[in-house]
Amino acid sequence: MHETLERWSTRRAFILAVTGAAVGLGNIWRFPYITGENGGAAFLVLYVAFVLLLGLPVMMAEIMIGRAGRRSPMQSLGHLAARSGASRHWRWLGLFGAATVFCILSFYSVVSGWSIEFLVAAINGDFRGASAADIGAGFDAFLADPARLTFNHSLFLAMTLLVVAAGVAKGLERLNNLLMPLLYLLLVLLAGYAATTEGFGVALGWLFLPDFSALTPLVVMHAMGHAFFTLAVGACALMAYGAYMPDHQSLPRAVGAVAVLDVAVALLAGIAIFSVVFSQGLDPGEGPGLMFVTLPIAFAELPWGALWLSVFFLLLLLATWTSSINLAEPMVATLQGWGLRRGLATAVVGVAVWSLGMLSVFSFSSLAETRVLFGMNPFELVSTIPPEVFLPLGGLLIAIFAAWVMPEEAARYALDVGPGGFRLWRGVVRWVAIPLTLVVLVAGLS
Ligand code: PHE
């Protein structure tokens with residue numbers, strides 16, 4: 001396949017697209033619940049440190065490879081490897097990335113489906129006047145009903161693939177231009193509301209006053225995995241977007257903007273959710289149900305609660321939509337690179353992801369006690385290992401390729417930085433990001 005000619009039409013469109021990929025369930029659903037499970041502020045500090053030390057430089061590396069190759073991830077890697085006389089086997093890294101996003105999208109679509117259900121319920125006012133026990137029981141009953149989970153999973157996946165089939169740059173640009181600014185507006189409103197609740201002060205202390213005594217290598221690995229997950233780094237998904245990046249745009253600046261926007265969403269969502277948790281005396285370590293159970297409980301008692309809640313779930317749905325489009329892209333690009341038409345490639349990806357997602361659907365009923373590996377059921381497995389092991393591993397290989405294998409002048413050109421900036425980036429990738437990822441992975445897994 002030759003170079004793609006498709007480009008994001010403006011610099012802003014590129015930043016919005018990458019932000020759309022980064023901001024999603026990771027920020028609004030996963031960040032609060034794993035921060036809750038891992039003790040709060042100390043975890044948050046680690047996560048931010050990993051975003052800065054690993055996330056940013058590796059994100060630059062990943063997008064830069066796509067931009068220099070201007071092809072699907074597999075072909076970009078193969079092409080650039082050949083140009084520097086390295087082994088063409090590097091292209092399998094693109095396939096590993098596609099396998100990673102395949103696993104991630106399968107559970108991502110199921111959980112995003114939950115927010116469709118909750119959006120509809122919130123609009124209907126189903127939570128109005130309900131007690132905490134009712135809401136908890138309602139959520140459990142919903143999870144135990146595979147037919148409803150399947151319906152929402154299918155609907156969400158169809159929404160995603162419709163945009164993907166239209167061609168990412170065209171389909172996504174229109175969506176992002178509208179959605180991302182709206183999302184920030186809604187989040188700031190929600191956090192502003194949280195500031196008026198009585199749990200606000202406790203939530204801030206819990207989120208921002210770290211106690212490092214409880215840290216273990218496993219917690220550190222969770223924080224690293226989450227940094228990769230939330231930035232959408234390590235699966236060659238952003239590499240696929242880099243291929244459409246316009247010429248003459250500084251990559252470090254774009255990536256910096258995205259990281260700030262991404263962390264801001266997590267913090268705003270965390271402040272809103274934990275204010276509610278502490279106002280209501282709920283358990284921060286509740287797990288994957290944290291957001292879905294705590295928010296309806298809190299909002300049920302508030303004036304305009306149904307409206308606030310609908311707004312929240314709408315926002316979540318929009319954010320997960322743009323992320324899942326990015327998750328689908330590397331798979332579609334890979335199949336297209338193998339000669340399939342885009343429409344057909346999208347359909348194949350849809351059937352495969354839908355099928356794997358059904359294992360997550362049944363993980364809340366008939367497969368709940370089926371321990372596939374490491375004592376985890378299918379949902380626990382796909383929502384833990386790919387984000388926390390595959391993404392860092394992919395990121396590590398991407399970093400090695402970008403900083404040690406790729407021709408230097410191609411890397412510098414695609415990063416769009418001066419010689420000093422280039423040396424700084426390469427130094428950080430070579431001597432900080434690569435060893436740190438390795439150490440945390442090995443310590444966490446052993
Ligand atoms: N960053 C997305 C989120 O936080 C998830 C994602 C991971 C997207 C990997 C693309 C690639 O929801």
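Numbering of ligands and ligand atoms starts at 1, following listing order.
- The protein atom (non-hydrogen) at minimum distance from atom 9 (C) of ligand 1 is A232 CA, 3.6 Å.
- Residue-ligand proximity, L25 to ligand 1, at heavy-atom distances under 4.0 Å covers atoms 12 (O).
- In this model, no donor atom of one side chain and acceptor atom of the other lie less than 3.5 Å apart for S112 and W321.
- In the vicinity of T230, heavy-atom distances shorter than 4.0 Å reach the ligand 1 atoms 1 (N), 4 (O).
- When only non-hydrogen protein atoms are considered, atom 6 (C) of ligand 1 lies nearest to F229 O, 3.7 Å.
- Ring-plane geometry between F292 and F313 is classed as parallel, the angle between the planes falling under 30 degrees on a 0 to 90 degree scale with a further cut at 60.
- With a heavy-atom cut-off of 4.0 Å, A319 does not touch ligand 1 at all.
- Relative orientation of the F118 and F139 rings is perpendicular, given thresholds of 30° and 60° on the angle between their planes.
- Below 3.5 Å of separation, one finds no N or O of V233 facing any N or O of ligand 1.
- Contact annotation: W29 has no heavy atom less than 4.0 Å from any atom of ligand 1.
- In terms of polar-atom proximity, V101 is not counted as a contact of ligand 1, lacking any N or O under 3.5 Å from an N or O of the ligand.
- Between E37 and R30 no salt bridge is recorded (no basic side-chain N to carboxylate O distance below 4.0 Å).
- Contact analysis puts A21 in contact with ligand 1, with a non-hydrogen atom separation below 4.0 angstrom.
- Within 6.0 Å of OH in Y413 there are 12 or fewer heavy atoms belonging to other residues, nucleotides or ligands.
- Other residues, nucleotides and ligands contribute more than 12 heavy atoms inside 6.0 Å of the CZ atom of R371.
- Between Y108 and ligand 1, a contact under 3.5 Å exists for at least one N or O pair.
- Among the atoms of A22, some N or O lies under 3.5 angstrom from an N or O of ligand 1.
- With hydrogens and angles disregarded, a donor-acceptor distance shorter than 3.5 Å links the side chain of T437 to the backbone of A433.
- Between F274 and the options F31, W206, Y33, a ring pair (Phe, Tyr, Trp, His ring centres under 6.0 Å) holds for only W206.
- In terms of polar-atom proximity, I104 is not counted as a contact of ligand 1, lacking any N or O under 3.5 Å from an N or O of the ligand.
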